[in-house]
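A short write-up of the structure that comes next.
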Amino acid sequence: MIEPPATDRFLRACRREPVDRTPVWFMRQAGRYLPEYRRARGDLDILETCRHPEVVVELTLQPLRRMPLDAAIVFSDIMVPLRAIGLPVRVAPGTGPVLEEPIRSEADVLRLRPLEPEADEPELLEAIRLLRGELSVPLIGFSGAPFTLASYLVEGSPSRDHARTKALLHGAPDVWAGLMERLATLCVAHLRAQVEAGAQAVQLFDSWVGALDPEDYERAVLPYSREVFRGIADLGVPAIHFGVGTGELLSLMARAGGDVIGVDWRVPLDVAWERVGSDRGVQGNLDPAVCLATWEAVREKALGVLRRAGGRPGHVFNLGHGVLPQTSPETLARLVDLVHEATERPSG
Ligand code: CP3
């Protein structure tokens with residue numbers, strides 16, 4: 001059967017309205033698992049790639065040519081706005097973001113100047129405008145959340161234990177507050193500009209916030225993430241709030257904000273939804289590693305996620321984290337079809 005163009009299934013689900021089929025998209029749906037991505041990226045540094053709007057448009061569209069995804073996410077990186085305000089960040093292949101002079105003191109924090117999106121990151125906004133002319137599904141803009149950005153700035157490189165970040169948060173609360181305040185302001189400017197350029201939904205990636213306990217999250221992170229959601233509320237676009245390893249933080253994350261809370265695979269979807277509250281949607285939560293297994297295994301686990309969603313309005317199907325580079329594109333395409341077929345409803 002030929003599918004009708006899915007123009008607003010994703011946005012409807014974000015607003016917890018009934019949908020004809022459960023919408024599906026994948027974090028890192030543009031990425032190294034696609035051979036055409038590897039060809040188009042070439043040897044350019046990823047942050048350099050993001051400064052070429054026509055390449056950004058191409059990379060964003062690639063997964064949509066292969067599978068009927070219900071949303072596109074603009075190809076960018078959470079470090080783009082930090083580089084845009086002049087910080088010497090680079091993204092080391094196979095490692096992640098690196099900052100030669102980490103931010104650890106009040107003087108360092110003062111190096112973070114405000115982001116002026118039209119002047120500092122015009123290529124991103126141009127890519128969004130171009131994409132809106134090409135897409136028949138909604139376009140998602142995004143930002144790293146204050147904590148996750150702070151963790152890269154303080155550590156200077158990817159970290160497993162986030163020890164320096166926690167040391168700053170506990171040992172120099174005033175420096176921490178100043179840093180988080182500036183990052184929250186930056187996130188608001190970054191997200192607002194993307195929406196004004198045409199993004200129809202946004203996702204705040206707080207990927208590493210699961211490193212914190214609920215008490216520290218509530219004191220040292222929640223106020224700043226809340227500031228980000230409040231700062232974009234008047235724009236009226238759905239906001240997704242995502243983190244990894246956040247089982248014990250889900251209700252606090254919902255309190256911080258977001259119409260939809262993104263959850264990883266560690267908490268069953270129905271349990272996560274209970275923690276998040278029935279007044280929010282939920283996005284997730286198939287383990288990306290399952291996609292490396294046999295189709296039968298993928299199918300069974302995906303149907304398990306859908307069973308736990310129970311057909312309630314407000315579920316956006318996604319992986320619990322980004323697509324792994326070893327994933328077969330054919331598996332993901334089959335997964336999109338499976339989600340659509342298994343959730344087909346008579347009226348939308
Ligand atoms: O399709 C999409 O989802 C949009 C593209 C996207 C990228 N980065 C491109 C990218 C998105 C949404 C991001 C966000 C991002 N960047 C996050 C939050 C999401 C998450 O995964 O939790 C984080 C933590 C980063 C920081 C970052 N950038 C890391 C850890 C890496 C991996 C380094 C590596 O080589 O493994 C990057 C680089 C990066 N950003 C890649 C992609 C597709 C992979 C490297 C490449 O293709 O050069």
Side-chain angles (χ1 to χ4, degrees), residues 24-52 55-67 69 71-83 89-99 124 127-128 131 135 137 139-153 155-160 162 165 187 190-191 194 199 201-211 240-246 262-265 283-285 288 316 318-327 329 332:
V24 48
W25 71 281
F26 301 118
M27 292 180 275
R28 289 276 168 90
Q29 63 192 25
R32 282 179 297 206
Y33 76 104
L34 291 174
E36 61 269 34
Y37 172 89
R38 298 193 295 267
R39 281 195 294 273
R41 273 289 317 282
D43 294 332
L44 270 191
D45 163 65
I46 187 156
L47 297 179
E48 214 35 65
T49 304
C50 293
R51 299 189 62 180
H52 297 272
V55 181
V56 170
V57 169
E58 166 61 20
L59 295 175
T60 303
L61 295 176
Q62 281 179 347
L64 291 125
R65 296 196 189 106
R66 281 193 181 246
M67 50 194 107
L69 294 155
I73 180 162
V74 63
F75 188 83
S76 183
D77 193 83
I78 59 168
M79 304 313 282
V80 162
L82 296 173
R83 167 94 142 230
V89 279
R90 58 191 176 82
V91 177
T95 307
V98 177
L99 182 69
L124 168 67
I128 290 173
L131 278 165
L135 285 166
V137 293
L139 178 63
I140 304 170
F142 70 88
S143 177
F147 176 82
T148 290
L149 295 178
S151 78
Y152 283 119
L153 294 183
E155 302 290 336
S157 59
S159 159
R160 241 176 236 287
H162 304 275
T165 310
C187 292
H190 186 51
L191 290 173
Q194 290 177 71
V202 295
Q203 177 154 325
L204 192 68
F205 282 95
D206 214 349
S207 303
W208 311 136
V209 80
I240 306 168
H241 190 181
F242 168 78
V244 180
T246 55
V263 293
D264 77 1
W265 60 92
Q283 175 174 281
N285 68 341
V316 175
N318 205 316
L319 305 180
H321 201 180
V323 177
L324 295 170
Q326 316 90 299
T327 308
L332 282 194

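Along the sequence shown, residues carry numbers from 1. Predicted model, so just to flag it, every value in this text is computed and none were measured. All ligand and atom numbering here is 1-based and tracks the order in the structure.
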Under 3.5 Å, N or O to N or O, is [X] touching ligand 1 that way?
| X | answer |
| --- | --- |
| Trp25 | no |
| Gln29 | yes |
| Gly31 | no |

- Phe75 and Tyr37: aromatic ring centres closer than 6.0 Å?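 Here the rings of Tyr37 and Phe75 have centres that are less than 6.0 Å from each other.
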
Of [options], which has the heavy atom at the shortest distance from [atom]?
| atom | options | result |
| --- | --- | --- |
| atom 24 (C) of ligand 1 | Phe242, Tyr152, Phe26 | Tyr152 |
| atom 5 (C) of ligand 1 | Ser151, Pro93, Ser76, Gly262 | Ser76 |
| atom 38 (C) of ligand 1 | Leu34, Val91, Thr49 | Val91 |
| atom 29 (C) of ligand 1 | Arg28, Met79, Met27 | Arg28 |
| atom 22 (O) of ligand 1 | Pro325, Pro158, Ser207 | Ser207 |
| atom 47 (O) of ligand 1 | Phe142, Tyr37, Tyr33 | Tyr37 |

min-distance protein heavy atom vs atom 21 (O) of ligand 1 -> His321 NE2, 3.1 Å

Closest to atom 16 (N) of ligand 1 among protein heavy atoms sits Asp77 OD1, 3.0 Å

Can you list the atoms of ligand 1 that are under 4.0 Å from a heavy atom of [X]?
| X | answer |
| --- | --- |
| Arg32 | 34 (C), 35 (O), 36 (O), 44 (C), 45 (C), 47 (O) |
| Phe205 | 12 (C), 18 (C), 19 (C) |
| Ala30 | 1 (O), 43 (C) |
| Arg41 | 46 (C), 47 (O), 48 (O) |

Mutual orientation of the aromatic rings belonging to His162 and Phe147 [parallel < 30°, tilted 30-60°, perpendicular > 60°]: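 Rings of His162 and Phe147: tilted, as their planes differ by 30° to 60°.
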
Output for pair (Arg32 CZ, Thr327 OG1), nearest 0.5 Å, gives 11.0 Å

